Amino acid sequence: MSGPPIVKGTAAWRYFGDFRAGLLAGQVLVLQVAHPVVAAGVRDHSDYVEDPWTRLMRTAASLSIYVYGGPEGARYEADRLRALHREFTGVYADGRRYSALNPHAYAWVHATLVMAPVDTQRFYGEPMTASELDEYYAQMCDVGRLLGLREQDLPSTWPEFERYYAETLDGFGPNETISTLFETLRTVKKPWRWLPGESWAKLRQGQLFVIRGTLPPALRERLGLQWTEQDQRRFDRFRTVVRVAVGLVPTTLRSSLMRRIGRLNVWFRAHPRAYRFLGG
């Protein structure tokens with residue numbers, strides 16, 4: 001299944017960079033490291049515990065390139081990511097070896113990024129229509145192929161993808177990396193020194209609350225995360241505030257920041273000396 005190019009007006013162009021997706025950043029991380037291969041790779045090779053903010057910015061830059069950087073930028077970023085992940089190998093506790101390029105794990109990471117904009121609209125906006133979902137998914141399958149996913153790694157249609165996604169989630173449960181991630185979120189230092197400590201503590205609590213609210217209920221229960229009817233009512237009120245407030249922002253502006261980051265990063269790739277000069 002092949003979709004139209006990601007250009008102005010198409011589904012991926014409109015929805016992928018919606019800034020409200022930042023509210024799902026923690027949820028996506030949890031879903032990714034719920035996969036045992038991803039969990040092992042993050043445990044052995046990631047620096048997110050020591051420097052989560054730099055890792056978050058690198059991830060945002062990468063996403064902006066392969067969605068909004070045009071075909072040439074996407075191919076460059078795809079090659080870079082595959083070369084980087086080729087080095088991420090290791091050994092499980094039981095002696096079995098793993099690779100970050102394990103097809104199932106590699107496809108799952110992409111699947112979480114495919115689902116995040118859909119969840120963003122479902123939680124905080126207006127759910128995509130059936131025709132938008134079909135176009136969006138076809139475009140994201142094209143991106144997946146650029147990243148090295150095989151035809152058989154992702155289902156060919158959106159309904160099949162939804163079934164694959166739910167069935168994969170059913171196989172996940174608690175692991176050490178998820179526990180470390182939650183501990184990091186509870187204790188991570190503030191990104192700016194000028195931010196008052198009390199305000200940062202409330203933001204951390206809010207982030208953990210949003211993660212619990214947006215995780216699939218069955219996985220949330222398996223992870224032992226408490227969620228009450230009162231919590232659901234609070235979350236629903238929060239969703240309503242976000243939906244109403246952001247509904248006043250034109251659709252094209254909601255993804256403008258991510259599109260600009262994408263173009264900027266493509267320029268940096270073409271001018272590596274400037275990139276290095278600025279600390280890249």
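Every heavy atom of this structure was used, including side-chain atoms; hydrogens, water molecules and symmetry mates were not. Residue numbers count from 1 along this sequence. A quick note: this is a predicted structure, and the numbers were derived from the prediction, not measured.
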For this session: For the pair Thr214 (side chain) and Val210 (backbone), establish whether a donor and an acceptor sit closer than 3.5 Å, ignoring hydrogens and angles.
Result: yes
Exercise. With a 4.5 Å limit on heavy-atom distance, are the side chains of Leu203 and Leu195 in contact?
Worked result: yes
Problem set entry | Test side-chain contact (heavy atoms from CB on, under 4.5 Å) applied to Phe123 and Phe238, step by step | CA-CA 10 Å; Phe123 284 121; Phe238 173 70; over 6 Å; no
Exercise. Just how far is it from atom CD of Gln205 to atom CG of Leu185, taken to the nearest 0.5 Å?
Worked result: 12.5 Å
Exercise. Heavy-atom distance under 4.5 Å between the side chains of Leu257 and Phe19, does that happen here?
Worked result: no
Seminar exercise, completed: Smallest heavy-atom separation, Phe172 atom then Arg222 atom, equals O-NE, 2.7 Å
For this session: Look up atom NZ in Lys8 and atom OG1 in Thr252, then write down how far apart they are to the nearest 0.5 Å.
Result: 6.5 Å
For this session: Measure the shortest side-chain to side-chain distance between Tyr106 and Leu147 over non-hydrogen atoms and say whether it is less than 4.5 angstrom.
Result: yes
For this session: From the options Phe161, Trp158, Tyr15, select the one residue that forms a side chain to side chain contact (heavy atoms under 4.5 Å, CB included) with Val118.
Result: Trp158
Exercise. What's the shortest heavy-atom distance between Asn102 and His104, and which atoms?
Worked result: OD1-N, 2.9 Å
Exercise. CG/Leu181 to OG1/Thr177 distance, rounded to the nearest 0.5 angstrom?
Worked result: 9.0 Å
Problem set entry | Connected via hydrophobic side-chain network under 4.5 Å: Leu219 and Leu23 | no
Problem set entry | Tyr164-Leu113 co-clustered via ILVMFWY side chain contacts under 4.5 Å | yes
For this session: Decide if atom CD of Glu160 counts as having more than 12 heavy atoms of other residues, nucleotides or ligands within a radius under 6.0 Å.
Result: yes
For this session: May I ask you to decide if the ring planes of Trp227 and Phe209 are parallel, tilted or perpendicular, using 30° and 60° as cut-offs?
Result: tilted
Exercise. Has the side chain of His110 got a donor or acceptor atom that lies under 3.5 Å from a matching backbone atom of Met140?
Worked result: yes
Exercise. Do you know the tightest heavy-atom contact between Leu169 and Pro216?
Worked result: CD1-CG, 3.6 Å
Exercise. Can you check whether Gly17's main-chain N or O pairs, donor with acceptor, with Arg259's side chain at less than 3.5 Å?
Worked result: no
Problem set entry | Backbone of Gly125 reached by a side-chain donor or acceptor of Arg243 within 3.5 Å | yes
For this session: Flag the pair Thr157 / Tyr137 as yes when at least one side-chain heavy-atom distance between them is below 4.5 Å, and no otherwise.
Result: no
Seminar exercise, completed: Interatomic distance, CG@Asp18 vs OG1@Thr251, rounded to 0.5 Å, equals 8.5 Å
For this session: Indicate yes or no: at least one non-hydrogen side-chain atom of Leu29 is less than 4.5 angstrom from one of Phe182.
Result: no
Problem set entry | Any donor-acceptor pair under 3.5 Å from Asn175 side chain to Val33 backbone | yes
Problem set entry | Nearest-0.5 Å distance that lies between atom CG in Asp153 and atom CH2 in Trp108 | 14.0 Å
Problem set entry | Test item: Leu223 and Val30 side chains (from C-beta on) under 4.5 Å apart, heavy atoms | yes
For this session: Return the minimal non-hydrogen interatomic distance between Ile178 and Ala34, and the atom names on each side.
Result: CD1-CA, 3.8 Å
Exercise. Same hydrophobic cluster for Leu248 and Leu253, using side-chain heavy-atom links shorter than 4.5 Å among ILVMFWY?
Worked result: no
Exercise. Where the side chain of Arg254 meets the backbone of Arg14, is there a donor-acceptor pair that is under 3.5 Å apart?
Worked result: no
Exercise. Got Leu24 and Tyr124 here, is their nearest side-chain heavy-atom distance under 4.5 Å?
Worked result: yes
For this session: Give a yes or no answer on whether the side chain of Asp236 reaches the backbone of Arg233 with a donor-acceptor pair at less than 3.5 Å.
Result: no
Exercise. What are the two closest heavy atoms between Cys141 and Pro155, and how far apart are they?
Worked result: SG-O, 4.1 Å
For this session: Might you work through the side-chain contact (heavy atoms from CB on, under 4.5 Å) test for Leu215 and Leu31, ending with a clear yes or no?
Result: CA-CA 8 Å; Leu215 280 174; Leu31 292 174; 4.0 Å; yes
For this session: For ring-ring contact (aromatic ring centres under 6.0 Å, His included), just list the numbers for Trp13 and Tyr136, CA-CA rounded to whole Å, side-chain angles, deciding distance to a tenth of an Å, and then say yes or no.
Result: CA-CA 9 Å; Trp13 187 92; Tyr136 167 77; over 10 Å; no
For this session: Kindly indicate whether the side chain of Glu132, heavy atoms from C-beta on, has any atom under 4.5 Å from the side chain of Gln121.
Result: no
Problem set entry | Check: Leu225 main-chain N/O paired with Arg220 side-chain donor or acceptor under 3.5 Å | no
For this session: Could you verify whether a donor N or O on one side chain and an acceptor N or O on the other, from Thr228 and Asp231, lie under 3.5 Å apart?
Result: yes
Exercise. Would a distance-only check, ignoring hydrogens and angles, find a side-chain to backbone donor-acceptor pair under 3.5 Å from Arg204 to Val188?
Worked result: yes
Seminar exercise, completed: Interatomic distance, CD@Gln27 vs CD@Gln207, rounded to 0.5 Å, equals 10.5 Å
Exercise. Considering residues at least two apart in sequence or located in another chain, which fulfil the side chain to side chain donor-acceptor pair (under 3.5 Å) criterion with Thr112?
Worked result: Gln32
Problem set entry | Arg260 atom CZ, neighbour heavy-atom count above 12 within 6.0 Å | no
Problem set entry | Exam field: side chain Gln139 to backbone Ala12, donor-acceptor pair closer than 3.5 Å | yes
Problem set entry | Glu176 side chain to Thr180 side chain, donor-acceptor N/O pair below 3.5 angstrom | no
Problem set entry | Joint cluster assignment, Phe235 & Leu208, ILVMFWY side-chain distance < 4.5 Å | no
Problem set entry | Heavy atoms of other groups near Gln152 CD, more than 12 under 6.0 Å | yes
Exercise. Minimum heavy-atom separation for Ser2 to Ala138, with atom names?
Worked result: C-CB, 4.0 Å
